[in-house]
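To start, the structure itself, in structure tokens.
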Amino acid sequence: MSDKRTETEIDLKSAYAAVSKTYLGTSLDIHAVCREQRLKSPVYEGDFITQFGVPTNAGIQQGTRPTFALFKYKDVMAVLRDGNTYTSGFIAEGLGAFFDGLVILAMDGEPHRKVRALLQPAFMPENVNKWRGQIDEVIRKDFLEPLVSQKKADLMQFGLELPIRIMYALMGFPSDDPSKYKQYAAWALAMVGGNQIDPAKMAEARQNAGIAVKGLYDAIQDVVVRRRAEGSPGDDVVGRLLRAEFEGRTLDDHEVITFTRSLLPAAGETTTRMFSSVMALLLTTPGLLERVRSDRSLIAKLMDETARYEPVATFKVRETAKDVEFHGVKIHKGSFVQCMVVSANRDEEAFDNPDEFDIDRKLKPAFGFGFGPHMCIGQFIAKVEISCSINAILDLFPNIRLDPSQPTPVIEGAQLRGVASLPVIWD
Ligand code: HEM
């Protein structure tokens, strides 16, 4: 952490670097290790993740109970789609320990179904598309147009700031001081960085996460209380959540504040990473840039194929609520199941030439945004942000290409994947 950090300030760049370091893991090639295991046996008995040196969302419970890993497309799909047999409540003990209130990711069964139904409408394409113009304007006016004359940039700086700047606007924060979002971005990263496997690093990370959790709560509370007093107007996220109702259930202020707060880490870093991988693949795959430049409808396929080929989150963990069996291996109730998304997305039984990045492949669900009851609620927002960004980059930066004087970006990370920098030049 920066020496300049005060009790309430956490620097954005160092917070991102800290998260990347935590989730980078060992130098093992996760695709290669998963392929080898998938071909050897579809079930691994033990903690498969531990060899990569990254924490899981099992948090402090990792290693405390029987653990198994699954690698095949159909097995991962079977687990993620069945929220009754494979539950997520344990997450509240791990990452969720930094949150309180409404942590949807760690909810199960009927309570999850109800809350999800309550929240979902605000995040559906019909609503998100209303924000497209606003998102596009922020991208062009606030971020990219000021860069045009420089003819070079590290696009990661943009990728790092954009998602929280957008969420800041969509949450209905005051627009008089939009630079405030940088503080929120740093706090959001500190919350993600609070989950550590090294006990020596745990204390500082947790302290930072604690500062972040409190800082964000206070900031969002100001907005929520004021908006409620004004009669909860508006089509932004906070306005929609204050008015949301499903089967008689509504959200109180604490739930709106804590859910909104959880959106910052959920929406920020993930979108940054996916943007970085999409751009890296766009700029390094022969012939792709020219195709996408002249046919912008390909951006949707580019994003879908990136989410398959290089998912941001490489695995998801669930707990078994009853005894189950996979390929003759019995898994008892109360075990952890590590769903290796990164493997399932390249299962040769599900995808032809799975290790080839091919935006023309037939559309088929992959697990880059999860699957089943917990599937990413914000995926349409992320896709609108990334597609608007690519369109604006191609419009504003003529003949954009990688900066040949800088190292070629590499997508890396055992738990959260993405590139560290995206140095580009244009004419
Ligand atoms: C490219 C960017 C993103 C990626 C790769 C991503 C990935 C994911 C994944 C894999 C899950 C499933 C978690 C599980 O099964 O345990 C998830 C859930 C979730 N995501 Fe995203 N996400 C992204 C962007 C966003 C954005 C922009 C938002 C909010 C605006 C968001 C909010 C959420 C929430 C609230 C959940 C929990 C849903 C539930 O438990 O029912 N995400 N995300």
Side-chain angles (χ1 to χ4, degrees), residues 56-58 76-77 79-83 86-92 94-96 99 102-109 111-120 122-124 127-128 131 135 159 162-171 188 192 236-238 240-241 255 258-279 303-304 306-319 337-342 344-345 365-387 389 413 415-418:
T56 73
N57 53 8
V76 167
M77 182 180 266
V79 172
L80 294 183
R81 77 163 9 139
D82 179 358
Y86 305 97
T87 58
S88 298
F90 69 90
I91 295 172
L95 188 61
F99 301 68
L102 192 56
V103 187
I104 186 173
L105 203 61
M107 291 175 80
D108 289 310
H112 176 263
R113 188 188 71 83
K114 279 200 170 176
V115 159
R116 177 90 191 198
L118 196 69
L119 302 170
Q120 185 109 11
F123 297 91
M124 292 308 282
N127 203 49
V128 172
W131 299 330
I135 292 175
L162 177 76
I164 301 289
R165 172 69 185 86
I166 297 295
M167 288 312 292
Y168 184 85
L170 298 187
M171 285 173 180
V192 184
D236 55 74
V237 172
V238 168
R240 301 264 329 200
L241 297 182
E255 287 175 315
T258 49
F259 175 70
T260 307
R261 182 180 60 186
S262 76
L263 287 181
L264 288 165
E269 224 235 330
T270 49
T271 310
T272 299
R273 287 183 186 279
M274 180 160 164
F275 167 76
S276 77
S277 296
V278 171
M279 286 306 298
M303 291 190 294
D304 285 340
T306 303
R308 179 197 74 86
Y309 185 76
E310 284 292 8
V312 170
T314 56
F315 60 86
K316 288 283 149 221
V317 184
R318 295 288 190 264
E319 180 179 359
V337 178
Q338 299 173 337
C339 295
M340 300 309 298
V341 163
V342 75
N345 280 6
F367 310 112
F369 286 98
F371 193 76
H374 288 281
M375 188 164 188
C376 181
I377 208 170
Q379 61 179 304
F380 303 113
I381 297 182
K383 285 177 179 172
V384 167
E385 279 177 54
I386 294 171
S387 61
S389 299
Q415 145 72 296
L416 293 171
R417 289 179 77 70

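Just follow the structure's listing: the first ligand is 1, and inside any ligand the first atom is 1. The structure displayed is predicted, hence computed values, not measured ones.
- Close N/O approach between Gln379 and ligand 1 is not found [any backbone or side-chain N/O within under 3.5 Å].
- Considering only heavy atoms from C-beta on, Arg318 stays 4.5 Å or farther from Asp82 through its side chain.
- Close contacts of ligand 1 with His112, meaning ligand atoms under 4.0 Å from a residue heavy atom, involve 39 (C), 40 (O), 41 (O).
- Nearest heavy-atom pair across Met107 and Val115 is CE-CG2, 3.8 Å.
- The option with the heavy atom closest to atom 32 (C) of ligand 1, from among Ser262, Ala307, Ala266, is Ala266.
- For the residues Gly368, Gly83, Cys376, the heavy atom positioned nearest atom 42 (N) of ligand 1 is part of Cys376.
- Side-chain contact check for Leu80 versus His374: every heavy-atom pair is 4.5 Å or farther apart.
- Side chains of Ile166 and Ile135 form a contact here, defined as non-hydrogen atoms less than 4.5 Å apart.
- Both the backbone and the side chain of Thr271 come within 4.0 Å of ligand 1, judged by heavy-atom distances.
- Of all atoms in ligand 1, listed by their number and element, those nearer than 4.0 Å to a heavy atom of Met274 are 1 (C).
- The closest side-chain heavy-atom distance from Pro373 to Arg116 is not below 4.5 Å.
- The closest approach between Pro373 and ligand 1 falls below 4.0 Å for a heavy atom of the residue.
- With a 4.0 Å heavy-atom cut-off, ligand 1 is reached by the side chain of Met167 but not by its N, CA, C or O.
- In Arg273, neither the side chain nor the backbone holds a heavy atom less than 4.0 Å from any atom of ligand 1.
- The Leu263 neighbourhood of ligand 1 comprises atoms 29 (C), 35 (C), with distances under 4.0 Å to a heavy atom of that residue.
- Side chains of Leu162 and Glu385 form a contact here, defined as non-hydrogen atoms less than 4.5 Å apart.
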### CA sep, side-chain torsions, deciding dist, call: Leu241, Leu119, side-chain contact (heavy atoms from CB on, under 4.5 Å)
CA-CA 7 Å; Leu241 297 182; Leu119 302 170; 3.4 Å; yes
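- In this view, Asn127 and Ala122, Lys130, Trp131, Asp235, Arg240 satisfy the side-chain contact (heavy atoms from CB on, under 4.5 Å) rule, not counting sequence neighbours.
- Taking every non-hydrogen atom of Ala267 and a distance limit under 4.0 Å, the qualifying atoms of ligand 1 come out as 25 (C), 26 (C), 27 (C), 28 (C), 29 (C), 30 (C).
- Of all the heavy atoms of Thr270, the ones lying under 4.0 Å from any atom of ligand 1 are found in both the backbone and the side chain.
- Inclusion of Arg318 in the set of residues having an N or O under 3.5 Å from an N or O of ligand 1 is warranted.
- When non-hydrogen atoms are compared, ligand 1 lies under 4.0 Å from the side chain of Lys316 (C-beta onward) but not from its backbone.
- Near Ile381, meaning under 4.0 Å from one of its heavy atoms, ligand 1 places the atoms 30 (C).
- Nearest approach of Phe380 to Phe123, heavy atoms of both residues: CD1-O, 3.3 Å.
- Considering only heavy atoms from C-beta on, Lys316 stays 4.5 Å or farther from Tyr86 through its side chain.
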### Message
Show, in sequence, the C-alpha distance, side-chain angles and deciding distance for Arg417 and Thr314, and conclude whether the side-chain contact (heavy atoms from CB on, under 4.5 Å) test is met.
### Response
CA-CA 7 Å; Arg417 289 179 77 70; Thr314 56; 3.6 Å; yes
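- Close contacts between ligand 1 and Gly370 involve ligand atoms 10 (C) [criterion: under 4.0 Å to a heavy atom].
- With a 4.0 Å heavy-atom cut-off, ligand 1 is reached by the side chain of Arg116 but not by its N, CA, C or O.
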